[in-house]
Amino acid sequence: MKPRHKRALIIIAALAAIGIAALLILNALNSNIALYVTPSEVAAGKAPQGQAFRIGGMVKDGSLRRDGLTVHFVITDLVKDIPVAYTGILPDLFKEGKGAVIQGRMDAQGEFIASEVLAKHDENYMPPEAKHALDQAKKNGSNNGSNK
């Protein structure tokens, strides 16, 4: 085999290896992306089907109940309510009436099965998407007089 052919084979093999590595990296990054969705968007059917996503809003007052290690509560954007089930230890700052962002998937019964619960760490902080959704919900709620 001529040296020119050997170099061509090495270059082709290197390009193939780089292409395979890039595909694996992009696949890993794509599987770790979690879109942010509001409870109103989930109720409207705009939530990703068959993949994990994040839902954020306020933990509804009076909705928190424990069933062994599983905690059930309702997350709301003051327009729509979504029931949530989480098995595990909740963050110390997690409370009713406070903001939270929950990652997980919807089940067939319409309950959000959480794999991770994040409580807001500061009274002044809220994810921009959650703040916008709550502001819109308050504005729409005051316009039509309904809260659900």
- Could you state whether L64 and V117 fall into the same hydrophobic cluster, counting links through intermediate Ile, Leu, Val, Met, Phe, Trp or Tyr residues with side-chain heavy atoms under 4.5 angstrom apart? yes
- Task: Evaluate the criterion side-chain contact (heavy atoms from CB on, under 4.5 Å) for residue pair I55 and V101; output intermediate values, then yes/no.
- Result: CA-CA 6 Å; I55 187 170; V101 176; over 6 Å; no
- Query: Is any side-chain heavy atom of L23 closer than 4.5 Å to a side-chain heavy atom of N27?
  - Reply: no
- Message: Donor-acceptor check, side chain of D77 to backbone of G57, threshold 3.5 angstrom: yes or no?
- Response: no
- Message: Check for me, please, whether V37 and V84 land in the same ILVMFWY cluster - side-chain distances under 4.5 Å, paths through other members count.
- Response: yes
- Message: To the nearest 0.5 Å, what is the distance between CE on M58 and CD1 on I75?
- Response: 8.5 Å
- Task: Indicate yes or no: at least one non-hydrogen side-chain atom of R66 is less than 4.5 angstrom from one of L90.
- Result: yes
- Query: How long is the gap from NZ on K60 to OG1 on T76, to the nearest 0.5 Å?
  - Reply: 6.0 Å
- Task: Hey, could you give me each pair passing ring-ring contact (aromatic ring centres under 6.0 Å, His included) that has a residue in residues 66-90? Not counting sequence neighbours.
- Result: F73-F94
- Message: Please find the pair of heavy atoms, one from M106 and one from F112, that lie closest to each other, and give the distance.
- Response: SD-CD1, 3.5 Å
- Task: Identify the heavy atoms of A114 and I102 that sit nearest to each other, and give their distance.
- Result: CB-CG2, 3.2 Å
- Nearest heavy-atom neighbours spanning E96 and S63: OE2-N, 3.3 Å
- Query: Is any side-chain heavy atom of P39 less than 4.5 Å from a side-chain heavy atom of D81?
  - Reply: no
- Item | Results of side chain to side chain donor-acceptor pair (under 3.5 Å) for T87 - residues two or more places apart only | T70
- If you round to the nearest 0.5 Å, how far is CG of D67 from CZ of R65? 6.5 Å
- Message: Can you confirm whether more than 12 heavy atoms, excluding those of I89, are under 6.0 Å from its CD1 atom?
- Response: no
- Item | Over all atoms of both residues, closest heavy-atom pair of A43 and I82 | N-CD1, 4.4 Å
